[in-house]
Amino acid sequence: MKHHPNRVSPATSTGERRPSRFAPALRAAIALPALLASLAAPPLLAPPLHAQQPINLKGLVVTANRWAEPEWTVASHATVIEGEDLARAGIEYVADALRRVPGLAVARNGSFGAVTSVFLRGGESDYVQVLIDGVPVNEPGGAFDFASLTTDNIERIEIIRGPASALYGSDAVSGVIQIFTRRGAGPASGTLSVHAGSFGTRRWQGALSGGTDALSYAFSLGRNATDGILEFNNDYRQTTFTGRIQGRLDSRADATLNVRYDDRRFHFPTDGSGALTDHNAYSFGDALSLSLDAGRRWTDALETHFTFDVHESDRGSDDAADGPADTLGFFGYTSLNDIRRASGGARAILRPGGGTALAAGYELEQQSIRGFSRSFSQYGPSASSSEDDRRNHAGYAQLSWTGGGVAVNGGVRTENNERFGTAATWRAGAAWRSASEGTRLRIAAGTGIKEPTFFETYASGFTTGNPDLEPEHSTSFEAGLDQELGSVATLSLTGFRQSYRDLIQYTFSPPTPGGPNYHNVAMARSRGVETEATFGNGPFRLTGTYSYLDTEVEDAGFHEGPGATFVEGEPLLRRPRHTASAAAFVQIASTVGLDVSVRRTGERADRDFSTYPSTPVTLPSHTVADLSASFEVAGSGSGRPGLTLTVRAENLFDAVYEEIWGFQAPGRGLYVGGSVALGGPHGP
């Protein structure tokens with residue numbers, strides 16, 4: 001007999017993986033590289049526009065204002081992770097790259113492919129807006145699972161802390177994480193890499209890129225698989241495709257098309273408490289993201305952009321009966337959900353001179369969800385289905401000004417949602433840099449919102465949604481100091497405070513008999529300090545971080561008792577109070593590089609859901625060390641391929657720890673791989 005408390009589910013009724021409806025689009029996208037490579041050979045259009053040249057983003061940040069600005073002008077605490085550093089260190093998942101970012105905590109449900117959440121500055125896991133080349137990939141209501149987000153073809157990752165709803169709308173409550181994929185340039189070049197190692201891990205990835213002044217392209221296709229860390233039924237498989245095409249329409253206009261597709265399947269033998277109970281349960285998912293950005297520079301002072309993007313995920317789970325004798329209780333379950341976000345927008349940017357930039361824009365988003373589930377029990381089968389949608393209009397304006405060593409920015413946004421009505425958000429910030437450019441002071445404040453999920457709004461049956469829910473709100477303030485010590489070291493210190501109100505909660509006993517189960521009732525706050533220090537450059541670089549986080553539930557709402565999710569006066573769950581990390585890169589020789597990293601995660605509160613009511617527990621602190629080495633066996637050029645070998649050890653000292661109670665994290669893993677590069681500026 002099966003019991004499924006707190007199962008994270010979604011699937012098909014037969015247990016067989018159905019063909020992806022995104023497969024035709026994927027096959028067409030994969031066929032594009034050869035076509036584009038042939039098209040890119042001769043110049044297609046007029047002489048190149050300066051804006052069409054590949055932008056070197058070193059020292060620039062895009063996400064803070066939605067256009068590239070010098071990093072020193074950004075008032076909020078920002079972190080940039082370069083894709084070349086991730087590739088050199090052999091980091092496969094974005095979540096692993098984020099573990100060393102100050103102010104950010106990662107929690108994974110055990111093995112590779114399990115649900116992975118990110119908490120930024122103590123906010124909920126659905127308080128982080130996640131963008132891939134400008135496309136929001138969160139579910140409506142903010143949820144995002146980092147488990148399947150790989151580092152394939154990534155150029156850089158930008159993390160902007162603090163509310164950013166004035167720029168990006170709902171879900172940007174604690175911050176924004178944006179992934180930028182690689183841009184193509186120059187003669188056609190390609191890479192092929194293969195890796196294998198512990199836990200039955202196999203991974204390969206191929207990439208092709210190039211371009212002229214008129215047309216550039218970059219594509220990648222990869223596959224990774226693992227047998228998992230548990231005794232049985234823990235396989236994980238994933239295929240990822242990314243593509244970027246940028247073309248110059250004429251001397252003043254350009255357009256960029258981005259696509260990302262992933263297909264994944266994860267087998268999980270655990271129930272909601274982490275106990276090994278099931279031999280055939282699995283979840284699956286497809287996700288397709290498309291974005292088109294067309295821009296025109298009308299004058300040297302005025303440019304416009306029109307955008308269209310869509311993100312659609314088709315995911316589910318399947319847990320069939322374990323065998324012919326499995327007929328008691330609730331012994332089988334399947335579910336399938338299709339979630340779609342499509343939006344279009346227009347914005348104009350005016351730069352009248354004097355370091356001033358003024359932008360105004362409009363966005364329209366349509367959200368929809370279709371769901372189906374079926375359960376099997378000794379009382380007979382039961383099924384349910386639903387289909388809901390909602391629309392949101394938004395208008396925004398922002399201003400930035402830079403003069404001398406001072407930069408000021410601010411913005412406002414108004415959302416008009418057909419469910420919760422109108423909500424307004426704002427942000428403002430300023431930065432000052434000394435004449436010697438060695439000292440920088442910054443201050444920022446703002447508000448954010450998170451819209452209710454579809455389930456919280458439309459649920460029916462055993463749970464009743466509340467169509468009158470308001471968005472959850474946050475207000476934040478931060479101040480920081482950055483100090484350069486010559487060209488040798490940089491120190492950074494940031495303090496912040498953020499409050500959360502109108503948190504949506506579920507209650508078994510609605511205030512009104514027969515009324516909705518969800519209400520805006522709870523309140524919480526977080527405050528803390530984030531520090532960073534970097535030393536050295538060239539052949540040796542050392543980075544250290546430390547974060548202190550203090551969270552507290554100020555109003556527990558409906559929750560009562562020590563086992564409740566929110567307990568007044570207690571910290572929020574799964575947010576460690578202390579985290580620290582150190583990472584070093586050493587160029588041992590011209591062809592050998594060594595990356596070493598150590599991270600320390602302090603104690604954090606959690607709940608043991610194997611009991612009812614759940615029991616308060618404390619996850620012990622733990623330290624994890626990683627080590628990787630890269631060896632350039634042969635450099636590419638003059639028609640010969642280049643060859644690089646990498647060796648990576650994760651959790652080098654085999655630390656035993658859990659990021660979620662009952663779900664043990666992977667132990668020591670050793671991975672070996674090689675990458676072949678062909679073509680490029682020095683190629684054939």
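Residue numbers run from 1 in the order of the sequence given.
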Do the side-chain N and O atoms of R183 and T256 include a donor-acceptor pair separated by under 3.5 angstrom?
no
Do the non-hydrogen side-chain atoms of V173 and P163 ever get within less than 4.5 Å of each other?
no
Under the 3.5 angstrom rule, does the side chain of R640 hit a backbone N or O of G635 as a donor-acceptor pair?
yes
Decide whether a cation-pi geometry holds between R433 and W72; the criteria are a distance under 6.0 Å from NZ or CZ to the six-membered ring centre and an angle within 45° of the ring axis.
yes
For T494 and R442: C-alpha separation, side-chain torsions, deciding distance, then whether side-chain hydrogen bond (donor to acceptor under 3.5 Å, both in side chains) applies.
CA-CA 9 Å; T494 304; R442 46 190 166 77; 2.8 Å; yes
Between the main-chain N or O of L572 and the side-chain N or O of T551, is there a donor-acceptor pair closer than 3.5 Å?
yes
R161 and E530 ion-paired at < 4.0 Å
yes
Go through the steps for E532 and H77 under the test side-chain hydrogen bond (donor to acceptor under 3.5 Å, both in side chains), then give the verdict.
CA-CA 11 Å; E532 293 181 86; H77 187 191; 2.7 Å; yes
Could you check whether any side-chain N or O of T644 sits under 3.5 Å from a backbone N or O of E632, counting only pairs where one atom can act as donor and the other as acceptor?
no
For Y548 and H578, take the angle between the two ring planes, folded into 0 to 90°, and tell me which bin it lands in: parallel under 30, tilted 30 to 60, perpendicular over 60.
tilted
How many angstroms lie between CG in L481 and CD1 in I443, if you round to the nearest 0.5 Å?
13.0 Å
Apply the side-chain hydrogen bond (donor to acceptor under 3.5 Å, both in side chains) test between D152 and each candidate in R223, R260, R203; give the one that qualifies.
R203
Under-4.0 Å salt bridge between E603 and R577:
no
Does G274 offer a backbone N or O that forms a donor-acceptor pair with the side chain of D271 under 3.5 Å?
yes
Ring centers of F112, F199 separated by less than 6.0 Å:
yes
Can you name the nearest heavy-atom pair linking T646 to S630, along with the distance?
CG2-CB, 4.1 Å
Return yes when atom CZ of R100 has more than 12 non-hydrogen atoms of other residues, nucleotides or ligands closer than 6.0 Å, and no otherwise.
no
Tell me whether the NZ or CZ atom of R265 lies within the 45° cone about the ring axis of Y282 and under 6.0 Å from its centre.
yes
Shortest non-hydrogen pair, N65 vs R427, comes out as OD1-NH2, 2.8 Å
Decide whether S614 and D608 meet the rule of one side-chain donor and one side-chain acceptor closer than 3.5 Å.
no
Can a side-chain donor-acceptor contact be found between E659 and H622 if the only test is distance below 3.5 angstrom?
no
Kindly indicate whether the side chain of K450, heavy atoms from C-beta on, has any atom under 4.5 Å from the side chain of D126.
yes
Could D550 and R525 be called an ion pair, given the rule that one side-chain N must be under 4.0 Å from one carboxylate O?
yes
Please indicate whether F232 has more than 12 foreign heavy atoms, meaning atoms of other residues, nucleotides or ligands, lying under 6.0 Å from its CZ.
yes
Would a 4.5 Å heavy-atom cut-off, applied to side chains only, mark I81 and L86 as touching?
yes
I'd like to know if R599 pairs up with D96 as an ion pair, taking the criterion as any Lys NZ or Arg NE/NH1/NH2 lying under 4.0 Å from an Asp or Glu carboxylate oxygen.
no
Are any non-hydrogen side-chain atoms of L221 and T239 less than 4.5 angstrom apart?
yes
Indicate whether any N or O donor in one side chain lies under 3.5 Å from an N or O acceptor in the other, for T181 and D133.
yes
Under 3.5 Å, is there a donor-acceptor pair between the R668 and N651 side chains?
no
T618 side-chain N/O to A605 backbone N/O, donor-acceptor pair under 3.5 Å:
no
Between V592 and Q587, what is the shortest heavy-atom contact and its length?
O-NE2, 3.1 Å
Honestly, is R574 close enough over F119, meaning NZ or CZ under 6.0 Å from the six-membered ring centre and within 45° of the axis?
no
Please determine if R108 forms a cation-pi arrangement with F663, meaning its NZ or CZ atom is less than 6.0 Å from the six-membered ring centre and no more than 45° off the ring axis.
no
Does one side chain, of S289 or Y261, offer a donor that lies under 3.5 Å from an acceptor on the other?
no
Is R575 salt-bridged to E124, going by a charged N under 4.0 Å from an acidic O?
yes
Between T63 and Q178: side-chain donor-acceptor atoms closer than 3.5 Å
yes
What class does the angle between the rings of F266 and Y236 fall in, given that below 30° is parallel, 30 to 60° is tilted and above 60° is perpendicular?
perpendicular
Tell me whether E478 is salt-bridged to R121, with the criterion being a basic N under 4.0 Å from an acidic carboxylate O.
yes
Looking only at heavy atoms, what is the nearest atom pair of A147 and G113, with distance?
CB-O, 3.6 Å
Using a 3.5 Å distance criterion without hydrogens, assess whether the side chain of T116 forms a donor-acceptor pair with backbone atoms of A114.
yes
Stepwise side-chain contact (heavy atoms from CB on, under 4.5 Å) check, T579 with Y546
CA-CA 6 Å; T579 56; Y546 168 74; over 6 Å; no
Answer yes if the side chains of D262 and Q238 hold a donor-acceptor pair under 3.5 Å, and no otherwise.
no
Residues T73 and A407: closest non-hydrogen pair is CB-CB, 3.7 Å
Would you say the side chain of S621 lies within less than 4.5 Å of the side chain of R600, judging by non-hydrogen atoms?
yes
Residue pair S273, W661: steps toward the side-chain contact (heavy atoms from CB on, under 4.5 Å) verdict
CA-CA 8 Å; S273 66; W661 182 264; over 6 Å; no
For N234 and H267, does a side-chain donor sit closer than 3.5 Å to a side-chain acceptor?
no
From CA spacing to verdict: side-chain contact (heavy atoms from CB on, under 4.5 Å), R648, L627
CA-CA 6 Å; R648 179 172 174 81; L627 174 67; over 6 Å; no
Measure across A625 and V598 and return the closest heavy-atom pair with its distance rounded to 0.1 Å.
CB-CG2, 4.0 Å
Is R604 paired with D606 through a side-chain N to carboxylate O contact shorter than 4.0 Å?
no
So D482 and E484, do their side chains get closer than 4.5 Å, heavy atoms only?
no
Side chains of T543 and T534: do they bring a donor and an acceptor to under 3.5 Å?
no
Return the orientation label for the F146 and F144 ring planes: parallel under 30°, perpendicular over 60°, tilted otherwise.
perpendicular
Answer yes or no: is there a side-chain heavy-atom contact under 4.5 Å between V80 and V61?
yes
Could you check whether any side-chain heavy atom of N233 comes within less than 4.5 Å of a side-chain heavy atom of F268, counting everything from C-beta outward?
no
Main-chain N/O of E92 paired with T151 side-chain donor or acceptor, under 3.5 Å:
yes
Any chance you could lay out the side-chain contact (heavy atoms from CB on, under 4.5 Å) test for R315 and S283, step after step, and finish with the verdict?
CA-CA 8 Å; R315 59 182 177 80; S283 63; over 6 Å; no
Has the side chain of E158 got a donor or acceptor atom that lies under 3.5 Å from a matching backbone atom of A78?
no
